[in-house]
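Just follow the structure's listing: the first ligand is 1, and inside any ligand the first atom is 1. Only heavy atoms go into these numbers, but all of them, side chains included; no hydrogens, no water, no symmetry mates.
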Amino acid sequence: MNCKQYKKIHTILSHRITQIALHTAKPLLALSALIGSAIPAQAVTFNFTYEPGITQEQIAAVELAGNIWSVYLQDIDVVINIHVEMTEGVLAEGKLGGATPAIQKINYDKFKEGLGADGTANIHQLPTSTHSSDKYRTRLAGGIINSSNDELLTTTANNKALGNDLSGDASGLDAYIQLEKSVNWSYRYAGGKVDQNQYDFVSVAIHEIGHSLGFISGIDALSGLALPTALDMFRYSTESANQRAIDYTVGGTKYFSINGGQNPFNFTQSKGNTPTVHQALFSTGENTLLGGDGDQASHWKSNSQPYLGIMSSTISMGGIRKISRLDLTALDYIGWQVDYSPTINLPALSRNAQTKAQQIWDSQFDGNTNNDAIRDRSSDVQQMMQESGIYNWGWNGYWQTAHPAP
Ligand SMILES: [Zn+2]
């Protein structure tokens, strides 16, 4: 398999259809009946908007990715607004897709409160158990311990799941997702097939939505200027665990732990009849000069065998990636209400996505532009990035990398 080069993905745009349209337009009432057949009544709602230039097939693929997350995430009052754009040569070299989530700074107290209200995660397994009540400890470069942290970063979508939405703007953009236009994409996720020379579009869309939900690390932001994130509250090394601190450094061996770092989260996967226990390792940073493994820290370690989850940093040609129990556990622990074993009717979810894509496509031609899901939202995206406060240094966000060899 030759190494096909891709340019970066990444960037900006955003936002979505208004809720008014969802609740009033007749065609959408019909749609909600369809949704009822495949998506649980208790589910997160995704409102996608699309930058002009996207195809109806690509819209359907994005809608399917959202539908799949909705089957797992039961936060019934949470509406997530994401703008999607097909860009060419904007993302970094070799990148298939990128996510630029809206970011909020919250108090650690608020984070713990939100987790406590979540009802799924066991509060005693949270970092609370190893930190003082309103502060948490981080291990920094050189082994320095900072024990006075009382703030962290979340994505606005994550913050909605925590019940802490501070924006007061229910219709604001929660993320901007870019997908690389020049890639040889496959759109056959529901059929389970991808040609050996193609990348699966839906898998990458699911991945980028995953970042938007809160699967991000502050370690990826430039110059160490960013605070740790909600996900970083579960990032440990042996060294940091010994000091009862999360590990906020590049490089080394970093693991996802739900018991204050005592051990990595272990989960079992079976290949044939052979169950194997895997450790949940994180990627350790793009900066190889500082000892990072070359991948953004906001991913599972990509060369772990076998596959850890949809939030691994790379995807191969010819492969389809699915949401794993590990992915769900991470989202559970940062505040989402997770159904770990839902019934997934992929054909129904796919039909629903196709219907919605058709409606979105047709709405371009109905003479009413106010609620069009396909529209230029570059100014909304810029506003979202400015308000996030961590995109001010030329850094774009979180992405997934092409891995040419299956
Ligand atoms: Zn990624």
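- A cation-pi arrangement, defined by a distance under 6.0 Å to the six-membered ring centre and an angle within 45 degrees of its axis, is absent between Arg325 and Phe267.
- Residues satisfying the side-chain hydrogen bond (donor to acceptor under 3.5 Å, both in side chains) test with Tyr187, not counting sequence neighbours, are Gln58.
- Under the 30°/60° scheme for interplanar angles, the aromatic rings of Tyr333 and Phe256 are found to stand perpendicular.
- Distances from the Zn ion (ligand 1) under 2.8 Å pick out these protein N/O/S atoms: His207 NE2, His211 NE2, His299 NE2, Trp399 O.
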Subject >> From CA spacing to verdict: side-chain contact (heavy atoms from CB on, under 4.5 Å), Lys254, Lys301 >> reply: CA-CA 9 Å; Lys254 303 294 164 53; Lys301 199 158 179 70; over 6 Å; no
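- When the side-chain hydrogen bond (donor to acceptor under 3.5 Å, both in side chains) test is applied to Gln262, no partner is found at least two apart in sequence or on another chain.
- For Tyr72, there are no ring-ring contact (aromatic ring centres under 6.0 Å, His included) partners, not counting sequence neighbours.
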